[in-house]
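This chain uses plain numbering: 1 for the first residue, then up along the sequence. Whatever order the structure lists them in is the order used to number ligands and atoms, beginning at 1. For clarity, every value in this text was computed on a predicted model and none was experimentally measured.
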Amino acid sequence: MSEPTVENVVIIGTGCAGLTAAIYTARANLNPLVLEGSQPGGQLTTTSEVENFPGFPEGVDGFMLMDNLRKQASKFGTRFQQALVTEVDFTSSPRKLISGDKTILAHSVIIATGASPRMTGIPGEKELFGGKGVTTCATCDGAFYRNMDVAVIGGGDSAAEEALFLTRFCSKVYLVHRRDELRASKIMADRVLAHEKIEMVWDSVPVAVEGVDDDAVSGLRIRNVKTDAESVLPIKGLFVAIGHIPNTGPFAPPLETDENGYFKPADGSQVQTNIPGVYVAGDCADHVYRQAITAAGMGCQAAIEAERWLADQE
Ligand code: NAP
């Protein structure tokens, strides 16, 4: 019987972190295998214009940026495989990654699984998610709400970006925020506050999405946290943009996480985990910066660390 293949390095995730790790490990002749899950390209594929990725003075389309990273990784020999890892065994050497009835063996592993949108959990949100009016992606779904009134929940850069993008299609965009000051960067906040189609709804939390009986969003019930008064915004679309939850899935445990649920790198490193040869990169391990460029930087660090570790094992 032939020996099972043992990969030098398996990279899990195809966002900025995963694909940058792929470019670096491929150029180091490590012949990386990248496992891609349910959202190839990661969060940037659902964003519109990326204005702050260095090297693009005119901005760059998020989908195009990811497509280019993928082409660049492929050019140096990266292999891609569709696989959702459901179980791991990091006690064995090589490490084992289990996906359905398949087991992938790897000397080193880079986990770059990103983060998923956080939801509010209010009644109606789950029932009306998807084609029924509740969504987390203006770029994907904004055009369905042409000439309609919609609401965005959140006060960070994501919410600001979603609201501004939606002004291209919608008649009116309510931006519902639980405080009286935006968390978004000043440049984004200024654009939001100056936009004639955006109406700020300050100090308000969502209570329920209305329209469940009709299978379509008809309003957002909100409560003013200062007065306790409830009211309903008459909207057809609801865009939830209140941050993200790290995708640590089947990896934690055994990998350690911090109090916010993000992978916690070992002392003195940003990417090394508590398991030798296993690295983390990008939004699954970073709740501070969470930028495309910092994710790419962590992917690069993880790749270089994996390369050095593999060389030490020889
Ligand atoms: P974020 O900065 O964590 O903001 C989340 C927002 O949602 C906050 O305003 C928060 O309110 C609110 N929120 C959280 N939980 C809530 C709940 N249960 N109900 C109601 N509101 C809730 O997340 P983000 O906007 O996704 O941004 C994440 C990171 O990506 C940031 O570093 C951001 O700068 C970056 N980013 C950058 C760009 C860009 O530069 N183009 C675009 C998008 C994101 P509080 O303010 O009261 O906490």
Side-chain angles (χ1 to χ4, degrees), residues 15-17 39 42-66 114-126 129 134-140 142 151-166 173-193 198 200-209 220-226 230 233 238-247 258-262 282-298:
C16 271
Q39 195 188 351
Q43 291 174 55
L44 274 196
T45 55
T46 65
T47 198
S48 47
E49 197 78 344
V50 181
E51 290 183 334
N52 51 11
F53 202 89
F56 297 92
E58 306 304 325
V60 57
D61 178 79
F63 186 87
M64 196 179 288
L65 179 63
M66 297 318 297
S116 297
R118 183 188 300 282
M119 302 306 289
T120 65
I122 56 173
E125 181 185 58
K126 203 167 164 189
F129 191 81
V134 179
T135 166
T136 54
C137 178
T139 320
C140 321
V152 175
I153 304 174
D157 277 323
S158 297
E161 195 175 66
E162 299 278 276
L164 287 164
F165 184 78
L166 288 166
V173 180
Y174 295 100
L175 184 48
V176 181
H177 184 34
R178 61 185 179 185
R179 295 186 292 130
D180 59 5
E181 190 186 5
L182 289 172
R183 175 182 294 278
S185 52
K186 183 156 173 15
I187 186 166
M188 295 294 273
D190 286 348
R191 282 184 204 167
V192 162
L193 299 176
I198 299 177
M200 288 304 310
V201 184
W202 298 112
D203 300 314
S204 296
V205 290
V207 175
V209 189
L220 175 67
R221 178 168 289 279
I222 53 171
R223 180 172 57 81
N224 184 298
V225 291
K226 288 190 173 155
E230 285 197 10
L233 301 174
L238 177 64
F239 293 77
V240 181
I242 58 170
H244 290 83
I245 297 172
N247 296 326
D258 66 14
E259 63 282 5
N260 297 310
Y262 289 77
D283 283 14
C284 59
D286 167 27
H287 71 278
V288 179
Y289 303 107
R290 296 177 294 182
Q291 303 296 303
I293 188 67
T294 50
M298 287 178 84

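- The distance criterion of under 3.5 Å between nitrogen or oxygen atoms is not met by Arg118 with respect to ligand 1.
- Comparing Arg178, His287, His177 by heavy-atom distance to atom 16 (C) of ligand 1, the nearest is Arg178.
- Where the criterion is an N or O separation shorter than 3.5 Å, residue side chain and backbone included, Gly156 meets it with respect to ligand 1.
- Checked by distance only, ligand 1 and Gly155 come closer than 3.5 Å through their nitrogen or oxygen atoms.
- Rounding to the nearest 0.5 Å gives a distance of 11.5 Å between CG of Leu193 and CE of Met188.
- We find the NE2-CG distance between His177 and Leu182 to be 5.5 Å, quoted to the nearest 0.5 Å.
- Taking 4.0 Å as the cut-off, Glu181 does not count as a neighbour of ligand 1 on heavy-atom distance.
- The residue among Val288, Ile242, Leu182 with a heavy atom at the shortest distance from atom 20 (C) of ligand 1 is Ile242.
- The side chain of Asn52, and not its backbone, has at least one atom closer than 4.0 Å to an atom of ligand 1 (non-hydrogen atoms only; side chain from C-beta on).
- Across Ile153, Leu220, Val176, Val152, a single residue satisfies side-chain contact (heavy atoms from CB on, under 4.5 Å) together with Val201, and that is Val176.
- For a threshold of 3.5 Å applied to N or O pairs, the pair formed by Thr120 and ligand 1 contains no separation below that value.
- Interface atoms of ligand 1 facing Tyr289, defined by a heavy-atom separation under 4.0 Å, are 32 (O).
- Taking CZ of Arg191 as the start and NZ of Lys186 as the end, the distance is 12.0 Å to the nearest 0.5 Å.
- Which parts of ligand 1 touch His244 is read off a 4.0 Å heavy-atom cut-off, strictly below it: atoms 26 (O).
- Of the heavy atoms in Met188, none comes closer than 4.0 Å to ligand 1.
- Atoms of ligand 1 lying under 4.0 Å from any heavy atom of Glu161, numbered from 1 in the order shown and given with element: 41 (N), 42 (C).
- Surrounding CZ of Phe56 are more than 12 heavy atoms belonging to other residues, nucleotides or ligands, all under 6.0 Å away.
- By the criterion of a heavy-atom distance under 4.0 Å, neither the backbone nor the side chain of Glu51 is placed next to ligand 1.
- Taking CD of Glu230 as the reference point, atom OG of Ser204 lies at 10.5 Å (rounded to 0.5 Å).
- Selection from Glu162, Arg179, Arg183 by nearest heavy atom to atom 8 (C) of ligand 1 gives Arg183.
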